[in-house]
Undergrad: 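The following block contains the structure, expressed as structure tokens.
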Amino acid sequence: MSKLVRLEIDGKPVEVPAGTLVINAAKTVGIEIPAFCYYDGLTLQGACRMCLVEVEKSPKLVTACTLAAAEGMVVRTQTPQVVQARKAMLEFLLTNHPLDCPVCDKGGECELQDLTFRYGLGESRFLETKVHVPEKQWSAVVYYDAPRCILCYRCVRICKEGMGVSALAVVSRAVDSEIAPNMGDHLYCDECGMCIDICPVGALTSQDYRYQTRPWEMKHVGTICTHCADGCTTTLGVYNNRVIRGNNHDRTGLNGEFLCVKGRYAHDFIAHSERLKCPLMRVDGKLVEVSWSQALAEVAARFGGIRSRGGKFGVIGSTRTTNEENWYLQKFAREGLGTGNIDHHRSGDVISLLSALKGRADALAATSDLYERKAALVIGSDLAQQHPLVAFQLRANWRHHESHIYTVTRGPVREDAYSRLRVRAEAGRELAAAKSLRQALQAEPELLILFGDCVRGAAVHELVEFGDSLGIPVRYICLVDYVNSRGAMDMGLTPGLLPGYQPAAAPGLDLAGMLAAADLDALWVVGANPLKNAALAAERAFVVVQDLFLTETAARADIVLPAACAYEKTGTVTNVCGEVQRLSRAVTTMGAKPDLEIFRSLAARMGLDLGEPETDRVYAEMRRQLPVPAAGEAARGVVASAGDTLFTSGTLGRYCGVLRNVREAPGGLYQ
Amino acid sequence: MPYNEPSPLEVKVLTRRFGLADSASLDTYLATGGYEALKKALGMTPGEIIEEVKLSNLRGRGGAGFPAGTKWGFVPRDSARPKYVVANGDEGEPGTCKDRLLMEYDPHQLIEGMAIAGLAVGAHAGYIYVRGEFRYIIRILERAVEEARGRGYLGGNILGSGFGFEVYVQSGAGSYECGEESALLESLEGRRGVPRIRPPFPAVSGAFQSPTVLNNIETYSAVPAIIREGGAAFAALGTPRNGGTRLFCLSGHLNKPGVYELPMGFNLLRMIHEVGGGIPGGKRLKAVIPGGSSCPVLKAEECDIAMDFDSLAKAKSMLGSGGVVVMDEDTCMVQAARRIMEFYAHESCGWCVPCREGTNWLRRLLRRFHAGEGSRSDIDLIGDVARNILGRTFCPLGDAAAMPTIAFVEKFRDEFEAHLEGRPCPFEGRRREVPAP
């Protein structure tokens, strides 16, 4: 912590750490100093000149965004000179800016509009012809309208500094200056849309949202993105029960302003025309639409029959359903159906990690550690592709705190560019390669170790032993794929472990075992697609599938129940770092039901008393003691990442128009 | 062949080799006292060199007039990073054309000055950043550097002293803004030429984030004479606090335009009439821009003035970079203001709002005004817009555009009024464009 300095802003005493910028020091006492180009966390520009203030002993006005607070400094932000300067800057900005706010896509949430309203002149003295150039489309997502651009360079900086992509730059000079994409006339980039979201005016707009509605006509619902495991908050703009856009302009959540292409644009699967809206039942070999009561009655009857004759069930859960749903599903399976055959697609070996750590809760990293810890070792993951928030935070840590990053990967990854040391390792040799970094790692004061699916089973124990032997505090993150991959394990969707990683008395079959069991009587698949790349051995098994779409697995089902997606329900999900976050319902799809509701209806029809899955109770289950899995569990079952990139998202990705339409710029590992 | 006939009134210190056969060659340079200052400096301590430069009252010839010795003294002695000497040869100020001659006719003088600066601040590398349009000068400089290195005046062990200094020639990228010191450094490092936030100043963190001393070509070119003859002798050539001679670039309505080396404090009227040969056709003097296009114009009656930094500052103008533009009675001041603004609106780097938008606005206003489509309120608006730029831009380019504009409106308001409401320019037909020198 740097030492505190005292200064005075508009007569108010302010005490802030030395080095704090005056623009931020003013905020601490409720004084707003307007600015366009200043943006927290990005390099300083001093370009918009909106934040000019008077500083005692300084002959000229000074930009508060570049001025560090100093002891005894006297700042004035409301003098006639300052007020006049702000009016002048806004007048300058508006000389060539189109004044068509009523039809501008940014109208209503435009910083230029807001600051003109608050600080601007009432009229324009500019009578000359405005400079005009036509709008350009840079990609399937990004449009640039140069005349609206106020050249604050936020987009250039977020792309370069925040994303590590550097797809944008300034070209030309003087009043003809404009932003240009890296390929001359188009973009080759992550299509993350950060440039659009950070744009204070309507210069950058997205194909996804532009000219669809007015911002004030939408309901803004902050919820957790359903795609990867990082747990970003996405604020969905909902109009007329339709998600029109996703962004995180308000910088809430773990992700601050960050969102990737999926969090921002991959929401159109919700309203996809192939979305299931009516239960299907197999009649004469064909799936036909039936009513909910018909479908549920059939499932209840068949499940009841199989249970009563002691038949063999298999239950496959989801990595995108909520903790409450997962908790209830495992209870349904174990208590209601009397089976221990329950599993899900495991994409990272969290279980072995917890087992190896033997209850050391302080060895599990939080998302905030990614930005705060002094060193990180990344093993076997292309973070920028698979864990964009993790990559963003590590990059920000490196930029702001000069943290040290070490990478061990099969091929080139974006993190190479700012890694202190990088090692290439063939598949299966990653752990050995990581160990070769011992000397450098030992010299670090602390370390985060992030590992993907290439380190699993006994190798995880070996990795933890290696970490322990470094003699420095080490925290771990086991990288998993989807929004609630971690929660599925926490909630006991595994054959050997109950919720909270308590060992099951009689471990059942794992996913592969269920698919291979020729004597399986019923297979219940909730939000998963195990038959995409595998066959079901039990040809005569009764298959029930709850899903959004008619997947390969659903196509094999006897009953298909249309499920609601994560944006259509409430509940909690647990991210890659084990942080539990709440979903909010943004929209509803007529005909589809949340999985929890389906479970309860089914339980009622089967006469099962499984209790109410109250959130608090699920929390209690999850947090019960420290999760220490039984020894040996780790070796069982298949752990493999689905290998999604920024532009894929398992089954959901197939139904996201934007993901299918953008020109993909996959990381080196995927090219 | 020198650029123009010298004047007998000149005091030739920096330009003494102009006109000699093969003046750019090392042999000519050595035959005329070349590299003696460097030899002398090698026997001096850095502190002694800086003291000598301070004693000379040498002030920055790029325009700002900051004392060179003081600037060198800002470079931290104990920095762990390498230090650099950078010469600003991006001469782009309209009306100024002296650095080009210094580079073209006496490149070794510049190289020697830079090497002495390197010795003074502990730098082992120097860059000459040359305006992109001066292609042929880059070749001259590179040849000179090669020659100097070949005979041990540059390189790892200069004249066996153990002191090493290399000079590199870098082409500019064609922008006036790159003459601003921090934008020059950005451009030198291979980026877009836009200015940097200061502090830190170049003396602390300049080229490649290292301590850097950055001066104009003419400033470095004065250094060998200062070390050779002593700071006091150089200072004595000028007026108090304005040491030495200066290259004045006389252009505009003169019988003998050209670059003349005159003592600091030389009277402007004498400069026009005795050095520059007076105004063609016996026309009367109307106005003078005393130091390049960014300096506020002087009316004829203000021209009985000593040409040094302090006297011009007192007259609310600037000595700037020595570009003296003389305008006779037939010159339209609205046209002159417009011409200058065309330049700044074209050359604004676009980085900050007031300069980017303000210069464009003024350009359009002045164009319209000169075309006779202006209204009375536009006269005040021109001044207002310029004042809204003044002191609020990121770098001095905004001020450079605003100051002359404000002066034109204030000093020649009557001429602006003469253009009002559809009237054609009253000077139309009387005056052709300002002749190129």
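Sequence lines set the chain letters: A, B, ... in the order given, protein chains first and strands last, and positions in each chain run from 1.
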Undergrad: Show your reasoning for whether ring pair (Phe, Tyr, Trp, His ring centres under 6.0 Å) applies to A/W138 and A/Y143.
TA: CA-CA 6 Å; A/W138 284 345; A/Y143 284 79; 9.8 Å; no

Undergrad: Most heavy-atom pairs under 4.5 angstrom with chain B, which of A/A68, A/P59, A/C48, A/A169?
TA: A/C48

Undergrad: I'd like to know if the side chain of B/R368 and the backbone of B/E373 have a donor-acceptor N/O pair within less than 3.5 Å.
TA: yes

Undergrad: Name the option with the most non-hydrogen atom pairs under 4.5 Å to chain B; the candidates are A/C152, A/A85, A/S177.
TA: A/A85

Undergrad: Between A/M89, A/M50, A/K87, which residue shows the highest count of heavy-atom pairs closer than 4.5 Å to chain B?
TA: A/M89

Undergrad: Heavy-atom pairs under 4.5 Å with chain A: which of B/V385, B/L365, B/T359 has the most?
TA: B/L365

Undergrad: So that I know where these two stand, are B/Y176 and B/F343 an aromatic pair - ring centroids less than 6.0 Å apart?
TA: yes

Undergrad: Against chain B, label A/R49 side chain, backbone, both or neither, depending on which of its atoms sit under 4.5 Å from a heavy atom there.
TA: side chain

Undergrad: Could you check A/C155 against A/C199 for side chain to side chain contact (heavy atoms under 4.5 Å, CB included), going step by step and ending with a plain yes or no?
TA: CA-CA 6 Å; A/C155 55; A/C199 180; 5.9 Å; no

Undergrad: Let's test your reading of the structure: which of B/C352, B/P195, B/P354, B/P199 forms the most heavy-atom pairs below 4.5 Å with chain A?
TA: B/P354

Undergrad: Please determine whether a side-chain nitrogen of the Lys or Arg among A/E111 and A/R148 lies less than 4.0 Å from a carboxylate oxygen of the Asp or Glu.
TA: no

Undergrad: Between A/F36 and chain B, which part of the residue has a heavy atom less than 4.5 Å away: side chain, backbone, both or neither?
TA: neither

Undergrad: Do A/R154 and A/Y39 meet the cation-pi criteria used here (NZ or CZ under 6.0 Å from the six-membered ring centre, within 45° of the axis)?
TA: no

Undergrad: Under 4.5 Å heavy-atom distance to chain A, tell me which part of B/R364 shows up: side chain, backbone, both or neither.
TA: both

Undergrad: Using heavy-atom distances under 4.5 Å, tell me whether A/T129 contacts chain B through its side chain, its backbone, both, or neither.
TA: both

Undergrad: Can you tell which part of B/R356 gets under 4.5 Å to a heavy atom of chain A, answering side chain, backbone, both or neither?
TA: both

Undergrad: Between B/T393 and chain A, which part of the residue has a heavy atom less than 4.5 Å away: side chain, backbone, both or neither?
TA: backbone

Undergrad: What part of A/V170 is in contact with chain B, defined as an atom under 4.5 angstrom from a non-hydrogen atom: side chain, backbone, both or neither?
TA: both

Undergrad: Which bit of A/L93 comes within less than 4.5 Å of chain B, counting heavy atoms only: side chain, backbone, both or neither?
TA: both

Undergrad: Heavy-atom distances under 4.5 Å only: say whether B/E177 touches chain A with side chain, backbone, both or neither.
TA: neither

Undergrad: Is the ring pair B/W351/B/F394 parallel, tilted or perpendicular, if the boundaries are 30 and 60 degrees?
TA: perpendicular

Undergrad: May I ask you to name which of B/S175, B/C355, B/G193, B/A345 has the most heavy-atom pairs under 4.5 Å with chain A?
TA: B/S175

Undergrad: Measuring heavy-atom distances to chain A, does B/R387 have an atom under 4.5 Å in its side chain, in its backbone, in both, or in neither?
TA: neither

Undergrad: Do B/F369 and B/F416 make the cut of ring centroids closer than 6.0 angstrom?
TA: yes

Undergrad: Salt bridge or not for A/E178 and A/K136, using N-O below 4.0 Å?
TA: yes

Undergrad: Give the intermediate values and the outcome of side chain to side chain contact (heavy atoms under 4.5 Å, CB included) for residues B/E357 and A/N96.
TA: CA-CA 8 Å; B/E357 304 293 340; A/N96 285 305; 2.9 Å; yes

Undergrad: Need one label for B/V194: side chain, backbone, both or neither, based on atoms under 4.5 Å from any heavy atom in chain A.
TA: neither

Undergrad: Relative to B/F134, does B/R131 satisfy both conditions: NZ or CZ under 6.0 angstrom from the six-membered ring centre, and within 45 degrees of the ring's axis?
TA: yes

